[in-house]
Peer 1: 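For reference, the structure I am asking about is given below.
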Protein chains: 2
Amino acid sequence: MPSTTRERILDAALELIQQQGFGGTTVTDIEELAGLSPGSGSFYRHFRSKEQVFREVLERELARAREHRRDFERGPVADPQEALTRRLVQQLDYLTKVRPLMNLLAREHGRFPDLTRRIRSVLVDQGIAEEAEHLGRDLPGEPAHDDPHALLAVVVSALTGYELSRGFFGRPPADIAPDRFAAALAALVTGRPGRE
Amino acid sequence: MPSTTRERILDAALELIQQQGFGGTTVTDIEELAGLSPGSGSFYRHFRSKEQVFREVLERELARAREHRRDFERGPVADPQEALTRRLVQQLDYLTKVRPLMNLLAREHGRFPDLTRRIRSVLVDQGIAEEAEHLGRDLPGEPAHDDPHALLAVVVSALTGYELSRGFFGRPPADIAPDRFAAALAALVTGRPGRE
DNA sequence: GTCTATATGTCGATAGAC
DNA sequence: GTCTATCGACATATAGAC
């Protein structure tokens, strides 16, 4: 674990921008949290500007998100409902890991439109939506929903809404734990209440 | 429609803080958008400080949210699934109306912790969660879910996730329109696919 | 590669003319 | 109630010693 100054600056910038936003974070703040003398320009030996460090922070988080996405297990499908529950828990776990990215998006969408598009691409187009398509395939077609496309949107919305509520308010909706939430959602999708 | 200078300042501040955040918005920006001479201190004839205008913007949005919440119709319950769909569409409509509040929350939670608590109180504790409880009562208990509390969390999460995706990314998940989304969610909850 | 010191600009806020 | 002008604080960024 070398933890170079450059990396400590990236860590500090990520932390502060999540808390205070880009406009509310000063280079002096970043220097202080990175262990440099606040107010000295030591920051500028590592990054050309405040905007550049923001862009590199974002690149790093996007790369991390892609890595986390590769970690998904593809276990054997025994009981479809249990397999679905496990998969949904994985999705929630993934969303928790990319929370920094969601926080950056929530704060700075609009200021950097190109980056918003890239986050959306990783988080939705390639990410959640694509994986949710797999959910559709894993389903053995039991209840035969009449609008599978809309069902997909419901599942994706439920997962992201759950995670965003945790991020913004500090606690999940109705204080339901992730595995319990996933089980309820899986029961809903498979059409089986769980107890029969 | 008098549209006093004071009100134009509040409108401008709301708009800019949503776009750029509190730290990223200058008093000069607000003055310019409000039709005042940028850089002149005319702003200060109406508000004591930048922080005060932020607090008043937020009070106004909280009051508006409470008003919108009173607008809910309570029509007769004919077909439970259709009634549920109508109610979910209303919920989505409500969330769209309070989007400014959600944007302020997304940006400034952490900077003003007391206000975060108040937004959560209006948006979740009194608001969505409470209304979602009504959903539980409206349901004739048909499918008899084994974890109604978790089901509530799923419905609330789906609604907020759908709306937040629209707000952050500019389009709903999977590009599904609100009424189609509500219908799919209602079908899921009542356990009836819609076509039988 | 980090420091002290500082140049340069901008922001929040005030003073005072009209 | 809006303007011009400005003060003081602070922010980004640079220069140069060590």
Side-chain angles (χ1 to χ4, degrees), chain A residues 1-60 103-104 107-108 110-115, chain B residues 1-60 103-104 107-108 110-115:
Chain A
M1 289 297 155
S3 178
T4 65
T5 301
R6 185 184 168 83
E7 282 164 345
R8 287 204 316 278
I9 289 178
L10 284 171
D11 294 340
L14 172 62
E15 178 66 22
L16 289 169
I17 293 172
Q18 284 187 85
Q19 286 176 16
Q20 313 174 0
F22 179 78
T25 299
T26 70
V27 172
T28 301
D29 290 339
I30 297 174
E31 285 173 333
E32 186 161 23
L33 190 58
L36 297 171
S37 176
S40 73
S42 297
F43 168 93
Y44 293 96
R45 296 282 170 180
H46 304 273
F47 297 93
R48 275 204 314 276
S49 67
K50 195 173 112 177
E51 178 162 342
Q52 197 217 335
V53 82
F54 176 79
R55 292 185 179 274
E56 291 207 23
V57 161
L58 217 132
E59 294 297 334
R60 198 177 60 162
N103 287 336
L104 293 179
R107 278 200 174 277
E108 306 303 335
R111 189 194 297 258
F112 302 93
D114 55 326
L115 298 178
Chain B
M1 290 297 155
S3 179
T4 64
T5 301
R6 185 184 169 83
E7 281 165 346
R8 288 205 316 278
I9 290 178
L10 284 170
D11 293 340
L14 172 61
E15 178 67 20
L16 290 169
I17 292 172
Q18 283 187 87
Q19 285 175 16
Q20 312 174 0
F22 179 79
T25 299
T26 69
V27 171
T28 301
D29 291 338
I30 297 174
E31 286 173 334
E32 186 161 22
L33 191 59
L36 297 171
S37 177
S40 74
S42 298
F43 168 93
Y44 292 96
R45 296 283 169 179
H46 303 273
F47 297 94
R48 273 203 317 275
S49 67
K50 196 174 114 177
E51 178 163 343
Q52 197 217 336
V53 81
F54 175 79
R55 292 185 179 274
E56 291 207 22
V57 161
L58 216 131
E59 293 298 335
R60 198 177 61 164
N103 286 337
L104 292 178
R107 281 200 172 276
E108 306 304 335
R111 189 193 297 257
F112 303 93
D114 55 325
L115 298 178

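Residue numbers begin at 1 in each chain, while the letters A, B, ... track the order of the sequences. Both backbone and side-chain heavy atoms feed into the values below; hydrogens, waters and symmetry mates do not.
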Peer 1: Does any N or O donor sit under 3.5 Å from an N or O acceptor when you compare the side chain of R45(B) with the base of dG16(C)?
Peer 2: yes
Peer 1: Taking only Lys NZ, Arg NE, NH1 and NH2, and the carboxylate oxygens of Asp or Glu, determine whether R6(B) and E56(B) approach each other closer than 4.0 Å.
Peer 2: yes
Peer 1: May I ask you to decide if F22(B)'s main-chain N or O and E108(B)'s side chain share a donor-acceptor pair within less than 3.5 Å?
Peer 2: yes
Peer 1: Looking for any heavy atom pair under 4.0 Å, which part of the strands does T26(A) touch: base, sugar-phosphate only, or nothing?
Peer 2: sugar-phosphate
Peer 1: How close or far is atom C1' of dT4(D) from atom CG of L36(B), stated in whole angstroms?
Peer 2: 14 Å
Peer 1: Is the shortest side-chain N/O distance from S37(B) to OP1 or OP2 of dT4(D) below 4.0 Å?
Peer 2: yes
Peer 1: Kindly indicate, with the supporting measurements, whether the criterion side-chain contact (heavy atoms from CB on, under 4.5 Å) is fulfilled by L104(B) and L14(B).
Peer 2: CA-CA 8 Å; L104(B) 292 178; L14(B) 172 61; 4.1 Å; yes
Peer 1: The criterion is side-chain contact (heavy atoms from CB on, under 4.5 Å); which residues satisfy it with E15(A), sequence neighbours excluded?
Peer 2: Q19(A), L33(A)
Peer 1: Does S42(A) or G39(A) map to a spot on DNA chain C nearer the 5' end, using the closest nucleotide for each?
Peer 2: S42(A)
Peer 1: In whole Å, I'd like the distance from the CD atom of E32(B) to the P atom of dT10(C).
Peer 2: 14 Å
Peer 1: Return whichever of D29(B) or G41(A) has its heavy-atom-nearest nucleotide of DNA chain C closer to the 5' end.
Peer 2: G41(A)
Peer 1: Roughly, in whole Å, what's the span from CD in E51(A) to C1' in dT12(D)?
Peer 2: 13 Å
Peer 1: Output the rounded distance in Å from CZ (F47(A)) to P (dG1(C)).
Peer 2: 12 Å
Peer 1: Using whole Å, what does the distance between atom P of nucleotide dA13(C) and atom CD1 of I9(B) come to?
Peer 2: 13 Å
Peer 1: K50(A) side chain: which of dT12(D), dA13(C), dT2(D) is closest?
Peer 2: dT12(D)
Peer 1: So, OP1 or OP2 of dT2(D): does either fall under 4.0 Å of a side-chain N or O from T5(B)?
Peer 2: yes
Peer 1: How many whole angstroms separate atom CD of E31(A) from atom P of dG1(C)?
Peer 2: 15 Å
Peer 1: Taking only the side-chain heavy atoms of H46(B) (C-beta and beyond), determine which of dC3(D), dT12(D), dG1(D) contains the nearest atom.
Peer 2: dG1(D)
Peer 1: Is the side chain of E32(A) donor-acceptor paired with the backbone N or O of S37(A) at a distance under 3.5 Å, no angle test?
Peer 2: no
Peer 1: Rounding to an integer number of Å, can you tell me how far I30(B) CD1 sits from dT10(C) C1'?
Peer 2: 15 Å
Peer 1: Nearest whole angstrom, please: distance from the P of dT14(C) to the OH of Y44(B).
Peer 2: 7 Å
Peer 1: Would you indicate what S40(B) reaches in the nucleic acid, counting non-hydrogen atoms under 4.0 angstrom: base, sugar-phosphate, or nothing?
Peer 2: base
